[in-house]
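Here the structure is laid out as structure tokens; the discussion comes afterwards.
Chain letters run A, B, ... following the sequence lines, proteins first, then strands; residues in each count from 1.
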Amino acid sequence: MAKNFPTREENYSQWYNDLVIKADLAENSAVRGCMVIKPYGFAIWEKMQAALDKMFKDTGHQNAYFPIFIPKSFFNKEASHVKGFAKECAVVTHYRLKISEDGKEIVVDEDAKLEEELIIRPTSETIIWDTYKKWIQSYRDLPILVNQWANVVRWEMRTRLFLRTTEFLWQEGHTAHATKEEAVEETEKILNIYTDFAENWMAVPVIRGTKSPNERFAGAIETYCIEALMQDGKALQSGTSHFLGQNFAKAFDVKFLTKENKLEYVWATSWGVSTRLMGALIMAHSDDNGLVLPPKLAPIQVVIIPIYKKKEHLELISEKANQIKKLLEKKGISVKYDDRDTHKPGWKFSEYEFKGVPVRLVIGPRDLENETIEVARRDTLEKEVLQITDIENKIENLLKQIQSNLFQKALSFREDNTFIIDTWDEFKERIEKGGFILAYWDGTAETEQKIKDETKATIRTIPIENLHEEGECIYTGKPSKQRVVFARAY
RNA sequence: CGGGAUGUGGCGCAGUUGGUUAGCGUGCUGGUCUGGGGGACCAGAGGCCGUGAGUUCGAGUCUCACCAUCCCGACCA
């Protein structure tokens with residue numbers, strides 16, 4: 001275990017913060033609320049990007065790029081959209097600096113005031129729909145299936161590394177369709193991609209559903225989401241896919257001629273996942289010994305560490321290690337052979353364990369004699385000595401096992417922490433201990449707000465699957481069509 | 001923006017009722033012995049004590065102001 005590293009039990013939020021910093025994923029920057037993503041952390045993000053990007057492209061989407069600045073007036077055009085974002089926008093008002101009169105400082109040149117202020121994008125619907133207006137005239141121009149990888153800025157009051165930062169990285173898809181059905185289908189298709197990614201790449205089980213009106217995206221008709229449960233019993237919204245109806249088409253006057261030569265507004269969707277996924281990944285699997293990464297997203301999947309006393313030993317071991325490295329790499333496994341003489345083996349063990357490398361291989365003089373190798377897995381911390389024959393297949397299988405074990409572990413954690421609750425007293429008691437609560441809700445915003453005020457719990461999602469039997473609202477006793485998922489959230 | 005706290009070598013901290021040359025852990029540099037779970041010893045380098053005023057013979061220490069950061073709330077992917 002790392003020195004002075006808190007356990008989850010002692011202080012979960014400090015455990016998380018320390019983990020991010022000590023595992024070299026990211027650190028706070030000189031700019032309040034903004035983080036520096038360090039190479040190791042960014043490597044994980046790049047693997048996420050690569051996997052998602054392929055999924056988007058495989059379903060017909062293309063990448064494009066729109067400006068970081070949005071004219072202020074664009075935000076006026078969609079009423080609920082501006083309401084949702086106005087309070088957290090960074091605004092550019094000037095375009096030039098100058099030397100102050102006493103020559104000591106650099107100050108804003110008041111003469112360089114912008115005619116119209118520019119907003120640093122908190123999301124890009126407005127600039128994109130202003131652009132789509134030019135792209136769309138006919139049903140033949142539809143659909144438009146565009147995604148952009150970008151940074152956005154939301155001036156949040158309180159920030160936490162990856163979970164909520166002032167600037168964050170994300171992808172935002174913005175699609176335009178001729179019919180409502182097609183747009184809804186797109187929204188759901190993306191939700192399925194997000195689910196697939198969360199569960200099969202991140203090994204994080206998620207609940208798919210829609211948001212209550214209170215939690216809906218500003219400007220959306222319907223917001224679909226995936227919700228994950230973290231180890232401290234809090235929920236984390238991990239991705240959203242919005243059906244925007246014709247709201248933005250109307251706001252930006254985007255119409256097209258149908259086959260029947262009728263002028264109609266375009267139907268829209270938007271969807272995104274952000275670097276917040278890093279937070280979900282970290283919190284879902286890691287333990288008191290540090291980070292635990294699912295093999296599919298680990299920048300280093302296998303580390304090989306030599307143990308030797310003399311230089312001659314190292315040469316022999318290196319030869320063997322490099323052979324194994326090549327065999328594994330042929331299987332597409334990323335391997336690091338750490339033969340640095342500047343750190344001791346024990347130090348390296350701790351280091352890679354803390355950084356969540358799924359598999360560690362150790363070769364020493366003993367192994368050379370016996371044709372063996374020590375294999376340690378990060379998820380269970382188990383070690384065993386294996387015959388070196390066929391090592392590449394053994395490791396390949398082990399990585400698959402680790403991937404599915406992590407998912408299973410997270411899934412049973414979620415199951416153990418999901419509760420069907422039917423009385424208000426039980427609800428209040430349970431919410432203190434965390435977890436997902438499945439309870440009936442009368443469907444009104446007032447009730448949701450009251451529950452939030454009294455317990456800090458929100459409706460995380462109205463699940464798509466199951467739970468469609470009727471009952472009585474946990475708070476008001478009024479009729480309810482189905483159970484929804486309550487939790488305290490990040 | 002409300003409540004609480006903290007600013008001292010890179011990082012984490014100590015520094016008594018004000019008193020001489022500001023310490024400790026870790027990290028860093030060099031060396032010797034080491035090496036199957038964060039090694040031992042030796043020798044080094046590294047400080048405008050957050051900023052600015054004040055009190056005093058004397059301020060890391062007391063007073064005031066400012067700045068910054070962190071934690072807890074309200075806001076949020």
**Message:** Please give the distance between the P atoms of B/A65 and B/G58 as a whole number of Å.
**Reply:** 24 Å
**Message:** I'd like to know if A/Asp341 reaches the base of B/G35 with its side chain, counting only an N/O donor and acceptor under 3.5 Å.
**Reply:** yes
**Request:** Could you work out the separation of B/A59 and B/U63 based on their P atoms and round it to a whole Å?
**Result:** 16 Å
**Asked** When the P atoms of B/U6 and B/U29 are considered, how many whole Å apart are they?
**Response** 34 Å
**Message:** Using Watson-Crick or G-U wobble geometry with both distances under 3.5 Å, which nucleotide pairs with B/C75?
**Reply:** none
**Message:** Using a heavy-atom cut-off of 4.0 Å across all strands, would you classify A/Thr240 as base, sugar-phosphate, or nothing?
**Reply:** nothing
**Request:** Mind checking A/Thr165 for me? I need base, sugar-phosphate or nothing, with any heavy atom below 4.0 Å counting as a touch.
**Result:** base
**Item:** B/G9 to B/C49 separation - P atoms, rounded to the nearest Å
**Value:** 9 Å
**Complete:** The Watson-Crick or G-U wobble partner of B/A5, with both key distances under 3.5 Å, is B/U69
**Request:** Give none if B/C41 has no partner; otherwise give the nucleotide forming a Watson-Crick or G-U wobble pair with it, both distances under 3.5 Å.
**Result:** B/G31
**Message:** For B/G25, give the paired nucleotide (Watson-Crick: N1-N3 plus N6-O4 or O6-N4; G-U: N1-O2 and O6-N3; both under 3.5 Å), or none.
**Reply:** B/C11
**Prompt:** Starting at CD1 of A/Ile21 and ending at P of B/G10, how long is that distance when rounded to a whole Å?
**Reply:** 18 Å
**Prompt:** Centre of A/Tyr475's six-membered ring, under 6.0 Å away, within 45 degrees of the axis: is that where NZ or CZ of A/Lys450 sits?
**Reply:** no
**Message:** Is it the case that the side chains of A/Thr223 and A/His242 hold a donor-acceptor pair, with the cut-off being a distance below 3.5 Å and no angle test?
**Reply:** yes
**Complete:** From CD of A/Glu351 across to P of B/G39 the rounded distance in Å is 12 Å
**Message:** Quick test of your reading of the model: are A/Glu454 and A/Lys428 salt-bridged, counting only N-O distances below 4.0 Å?
**Reply:** no
**Prompt:** Rounded to the Å, how far apart are A/Phe349 CZ and B/G35 P?
**Reply:** 14 Å
**Request:** Check the distance between B/G37's C1' and A/Arg378's CZ and give it to me in whole angstrom.
**Result:** 13 Å
**Request:** Quote, to the nearest angstrom, the P distance that separates B/G10 from B/G47.
**Result:** 8 Å
**Request:** Report yes if some heavy atom in the side chain of A/Val152 is under 4.5 Å from a heavy atom in the side chain of A/Ile68; otherwise report no.
**Result:** no
**Prompt:** What integer number of Å spans the P atoms of B/U61 and B/A22?
**Reply:** 15 Å
**Euclidean distance, atom CD1 of residue A/Ile307 to atom P of B/G38 [Å, nearest integer]** = 11 Å
**Request:** Classify the nucleic acid contact of A/Phe168 as base, sugar-phosphate or nothing, counting any heavy atom under 4.0 Å across all strands shown.
**Result:** base
**Asked** Taking the side chain of A/Glu156 as heavy atoms from C-beta outward, which of B/C75, B/G37, B/G35 is closest to it?
**Response** B/C75
**Request:** Consider only side-chain N and O atoms of A/Glu78 and A/Ser80, and report whether a donor and an acceptor are under 3.5 Å apart.
**Result:** yes
**Asked** In terms of side-chain heavy atoms of A/Arg360, which of B/G36, B/G37, B/C75 is nearest?
**Response** B/G37
**Request:** Would you mind reporting whether A/Ile193 and A/Asp196 have side-chain heavy atoms less than 4.5 Å apart?
**Result:** no
**Nearest-nucleotide pick for A/Trp347, side chain only, options being B/G35, B/G38, B/C75** = B/G38
**Request:** Using the six-membered ring wherever Trp is involved, compare the ring planes of A/Phe56 and A/Trp271 and label them parallel, tilted or perpendicular (cut-offs 30° and 60°).
**Result:** tilted
**Complete:** Taken to the nearest whole Å, NZ/A/Lys344 to P/B/U34 is 10 Å
**Asked** Which whole-number value in Å describes the distance from A/Arg154 CZ to B/C76 P?
**Response** 11 Å
**Request:** Look at A/Asn17 and B/C71 and indicate whether a side-chain polar atom (N or O) is within less than 4.0 Å of OP1 or OP2.
**Result:** yes
**Request:** Taking only the side-chain heavy atoms of A/Lys456 (C-beta and beyond), determine which of B/G37, B/G35, B/A74 contains the nearest atom.
**Result:** B/A74
**Message:** Please classify the nucleic acid contact of A/Leu163 as base, sugar-phosphate, or nothing, using heavy-atom distances under 4.0 Å.
**Reply:** base
**Request:** Could you please name the partner base of B/U17, counting Watson-Crick and G-U wobble pairs only when both distances are under 3.5 Å?
**Result:** none
**Request:** Name the nucleic acid region contacted by A/Lys383, choosing base, sugar-phosphate or nothing; use a 4.0 angstrom heavy-atom cut-off, strictly under.
**Result:** base
**Request:** Just name whichever nucleotide pairs with B/C62, Watson-Crick or G-U, keeping both distances under 3.5 Å, else none.
**Result:** B/G54
**Asked** Starting at CZ of A/Arg164 and ending at C1' of B/A74, how long is that distance when rounded to a whole Å?
**Response** 12 Å
**Fill in**
Contacts of A/Phe486 meeting ring-ring contact (aromatic ring centres under 6.0 Å, His included) (sequence neighbours excluded), chain-then-number -> A/Phe427
**Request:** Take A/Ile373 and A/Arg216, find for each the nucleotide of RNA chain B with the closest heavy atom, and name the residue whose nucleotide sits nearer the 5' end.
**Result:** A/Ile373
**Request:** Name the nucleic acid region contacted by A/Arg366, choosing base, sugar-phosphate or nothing; use a 4.0 angstrom heavy-atom cut-off, strictly under.
**Result:** base
**Fill in**
From the candidates B/G36, B/C76, B/C70, the one with an atom nearest any side-chain atom of A/Asn28 is B/C70
**Message:** Of the options B/G35, B/U34, B/C76, whose atoms approach the side-chain atoms of A/Pro345 most closely?
**Reply:** B/G35
**Message:** Can you check the distance between B/C70 and B/G12, where both ends of the measurement are the P atom (answer in whole Å)?
**Reply:** 12 Å
**Message:** Let me spell it out: for each of A/Lys309 and A/Lys348, pick the nucleotide of RNA chain B with the closest heavy atom. Which residue's pick is nearer the 5' end?
**Reply:** A/Lys309
**Message:** Would you measure the distance from the P atom in B/A45 across to the matching atom in B/A68 and give it in whole Å?
**Reply:** 37 Å
